[in-house]
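So you know, we letter chains A, B, ... as the sequences are listed, proteins then strands, and number each from 1. A quick note: this is a predicted structure, and the numbers were derived from the prediction, not measured.
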Amino acid sequence: MCDSVQSVMKNLLTCLILLTMICAVDAQSRLIDRSGTISFFSSTPVEDIEGINKQALAALDTKTGSVAVSMLMKGFHFKKTLMEEHFNENYIESDKYPKATLKGKIENYDAIAFLTGNNASFTVIGDITMHGITKTVEVPITLEKKGANLIITSEFRLTIADFDIDIPKIMINKIAREVIINVSFNFKTGE
Amino acid sequence: MLIILTGGVIGYQQYNKERKSVAEIEPDFVVSPEDIVTAFSDDEENANKKYLGKIIEVSGEVSDVLGDEGSYSLLLNGGDFGMVQCAFMTKPVSEYQIGDMVRIRGKCSGFLLDVILNECVILYNQ
């Protein structure tokens with residue numbers, strides 16, 4: 001008799017906790033970070049080049065797991081001013097194509113698993129649009145919780161030629177065919 | 001031989017040239033945060049044609065402070081349609097808080113949720 005009352009209470013408590021979490025999810029369904037960091041790294045025996053953008057924008061819908069990232073190409077900074085000029089004027093043509101975007105969704109998204117996970121890995125499937133070209137990608141992401149901060153990081157590779165980016169023959173040995181992209185966003189959940 | 005040498009030196013200097021400070025360059029536009037935000041939210045394509053890559057000077061009220069050393073931005077109130085995000089390469093000497101009035105010069109990178117200015121500098125008493 002006592003046992004079944006206890007198990008009912010336990011179930012009720014679990015239900016209550018879950019309900020509260022679902023409500024919490026609802027309250028802050030759309031998380032935004034305006035100052036995410038996105039960098040790309042090209043490494044060749046001749047030279048290493050890195051471009052870093054610290055004003056990347058990401059919106060994450062915690063109800064559906066949909067993800068939207070956008071950044072301004074002119075926001076990428078390089079150590080060498082001339083490289084930055086070449087990047088904007090010749091390679092990425094940022095006057096013509098000012099933004100790069102990623103629109104996608106976390107695979108097999110489960111709101112509770114996502115919000116309660118720590119050091120958990122997920123996959124985002126989506127479209128990257130850059131330099132006028134759209135490509136479907138699968139991007140691995142890692143989720144870390146630090147207090148009220150939801151930190152999402154990722155590292156993956158992109159092939160420059162896939163986006164119709166032409167590297168002049170003189171520079172071919174200085175720029176890698178594949179670049180390593182590093183992403184870091186910090187969403188404040190305000191808990 | 002001399003020509004090749006000179007060419008080499010100029011080439012090397014170009015390749016390693018210093019980034020010119022935005023504070024030293026005359027602005028292409030002096031505009032209020034509201035006006036530039038409205039320009040972009042009304043017609044992004046034309047606003048890009050007008051402002052992209054240009055040096056913009058804005059004065060306004062700080063509505064948010066983001067980041068720290070190496071990643072510092074001041075968001076200026078631009079009305080209902082967004083803000084102007086002013087990104088600094090190095091954190092300014094003075095501490096800024098929400099409500100402070102500032103005058104900033106920076107290079108326009110475009111528009112996401114807000115108009116974004118890069119390589120920003122604070123203009124004091126000018």
Which region of [X], side chain (C-beta onward) or backbone (N, CA, C, O), has a non-hydrogen atom less than 4.5 Å from a non-hydrogen atom of chain B, or is it both or neither?
| X | answer |
| --- | --- |
| A:M73 | neither |
| A:I32 | side chain |
| A:S94 | backbone |

request  = Using non-hydrogen atoms and a 4.5 Å limit, figure out which bit of B:E45 sits close to chain A: side chain, backbone, both or neither.
outcome  =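 Neither; nothing under 4.5 Å.
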Is a donor on one side and an acceptor on the other found under 3.5 Å between the side chain of [X] and the backbone of [Y]?
| X | Y | result |
| --- | --- | --- |
| A:S154 | A:P140 | yes |
| B:Y124 | B:R103 | no |
| A:T189 | A:A148 | yes |
| A:T44 | A:E47 | yes |

inquiry  = If you count heavy atoms of other groups shown closer than 6.0 angstrom to CG of A:N118, is the number above 12?
reply    =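 Yes, CG of A:N118 has more than 12 neighbouring heavy atoms, counting only those of other groups under 6.0 Å.
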inquiry  = Using a 4.5 angstrom heavy-atom cutoff, name the option from B:L52, B:L66, B:L112, B:N48 with the most pairs to chain A.
reply    =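 Among the listed options, the one with the most contacts to chain A is B:L112.
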